[in-house]
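Chain naming here is simple, since letters A, B, ... match the order of the sequence lines and numbering starts at 1 in each.
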There are 2 protein chains.
Amino acid sequence: MSVDLRAEEALKLWQAVSMGLVHDDKPDLTLRQMTILLTVYLEPPPHTVRGLAARLHVTKPVITRALDTMGRMRLIKRRRDEADRRNVVIQRTLEGSLFLEHVGDLIRLKARELI
Amino acid sequence: MSVDLRAEEALKLWQAVSMGLVHDDKPDLTLRQMTILLTVYLEPPPHTVRGLAARLHVTKPVITRALDTMGRMRLIKRRRDEADRRNVVIQRTLEGSLFLEHVGDLIRLKARELI
DNA sequence: GCTAAATGGAACGGTTGCGTAACGAACGTG
DNA sequence: CACGTTCGTTACGCAACCGTTCCATTTAGC
């Protein structure tokens, strides 16, 4: 990977990708939802409500609600941790993987176009 | 500028920047608001409600409401077009420039860290 | 066992965004 | 100088998100 972004190019990339996401007819994720989703998919598991809340510096209900919404969208799913039944483990789904694959492709496409 | 993003690195960049924006105590912009803001600052003026709505493939009230909110945040301002007083021209502000400068710096920082 | 701590979720009231539909102001054209 | 068109905004009902607070369940420590 080689990255040498200059200020305006960095913003142009962000704009192009954001525009692409807005153009999709899929419902937009909020910034927090997107951050949670990416964290679950990119950082090593296990992911818990408490852990995500700490990672994002937000309160637990924020995570719970985001998981409710993204669960309805099938982007993630919850499972009780059988070892410690107080915990809920957040897991990836096929739909979530496909969605983020799409986002990744969009970023790469727009980055290439900006060269 | 040289960009050669691979799939996971592209997503990691998006995650790191999103996380940085969430960590800021400033109120999060929605994806649509951010897209409007970047478009106003990066694409050649003049910018009108109708033009932005067409550019983003959203309805006019979406733009009006986003401008209301970002106007309250001082990120953009509106001005009547004196040539054709039906039009409203959307203009940049100092605060908006500073905010996007901050976002640009964040993107560049995270991109550098990912090399 | 019994109490204290930890976890995720529910409830509440308030704010903001959404899509649809309607509106007033300004323009252009006959 | 009417009349339709264009522009941005407002109104409405609805859904989602927010922060705070409280709660049920589960675990851990004494």
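Atom CG in B:Asp28 sits roughly 14 Å away from atom P in C:dT16 (whole-Å rounding). In this structure, CZ of A:Arg50 is placed 16 Å from P of D:dT27, rounded to the nearest angstrom. In this structure, CG of A:Asp84 is placed 8 Å from P of C:dT7, rounded to the nearest angstrom. B:Ile76 has its CD1 atom 13 Å from the P atom of D:dG8, to the nearest Å. Taking atom CG of B:Leu29 as the reference point, atom P of D:dC18 lies 14 Å away to the nearest angstrom. Counting to the nearest Å, the P atom of C:dA10 and the CG atom of A:Asp68 are 7 Å from each other. Regarding A:Asn87, its CG atom lies at a distance of 13 Å from the C1' atom of C:dA5, rounded to whole Å. Residue A:Met70 contributes atom CE, which lies 14 Å from atom P of D:dA16 at whole-angstrom precision.
Using a 4.0 Å cut-off, no side-chain N or O of A:Arg79 falls inside it from OP1 or OP2 of C:dG8. The side chain of A:Arg78 contributes no N or O atom lying less than 4.0 Å from OP1 or OP2 of C:dG8. In terms of phosphate contacts, B:Thr69 brings a side-chain nitrogen or oxygen within less than 4.0 Å of OP1 or OP2 of C:dG17. Checking the phosphate oxygens (OP1, OP2) of C:dA25, no side-chain nitrogen or oxygen of B:Arg86 falls inside 4.0 Å. Between D:dA15 and A:Arg65, no contact under 4.0 Å exists linking OP1 or OP2 to a side-chain N or O. Taking 4.0 angstrom as the limit, B:Gln33 places none of its side-chain polar atoms (N or O) nearer than this to OP1 or OP2 of C:dT16. Contact between the side-chain N/O atoms of B:Arg80 and the OP1/OP2 oxygens of C:dA25 is not found at any separation under 4.0 Å.
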Stepwise salt bridge (Lys or Arg N to Asp or Glu O under 4.0 Å) test for B:Asp105 and B:Arg108: CA-CA 5 Å; B:Asp105 288 345; B:Arg108 292 165 67 202; 3.7 Å; yes
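Across all strands shown, A:Glu82 has no heavy atoms under 4.0 Å from either base or sugar-phosphate atoms.
Comparing A:Ala66 and A:Asp81 by the nucleotide of DNA chain D whose heavy atom lies nearest to each, the residue mapping closer to the 5' end is A:Ala66.
Side-chain N/O atoms of B:Asp24 and B:His102 include a donor and acceptor closer than 3.5 Å. There is no side-chain donor-acceptor pair under 3.5 Å between B:Thr35 and A:Gln15.
Each of A:Met73, A:Arg74, A:Met70 was compared with A:Glu95 under the side-chain contact (heavy atoms from CB on, under 4.5 Å) criterion, and only A:Arg74 meets it.
Counting non-hydrogen atoms of other residues, nucleotides and ligands closer than 6.0 Å to CZ of B:Arg78 gives a total above 12.
Under the 4.0 Å criterion applied to side-chain N and carboxylate O atoms, A:Lys110 and A:Glu113 are assigned as salt-bridge partners.
Taking every heavy atom of residues 53-64 of chain B and every atom of DNA chain D, pairs under 4.0 Å involve B:Lys60, B:Pro61, B:Thr64, by number.
Of all heavy-atom pairs between A:Met34 and A:Leu21, the closest is CE-CD1, 4.2 Å.
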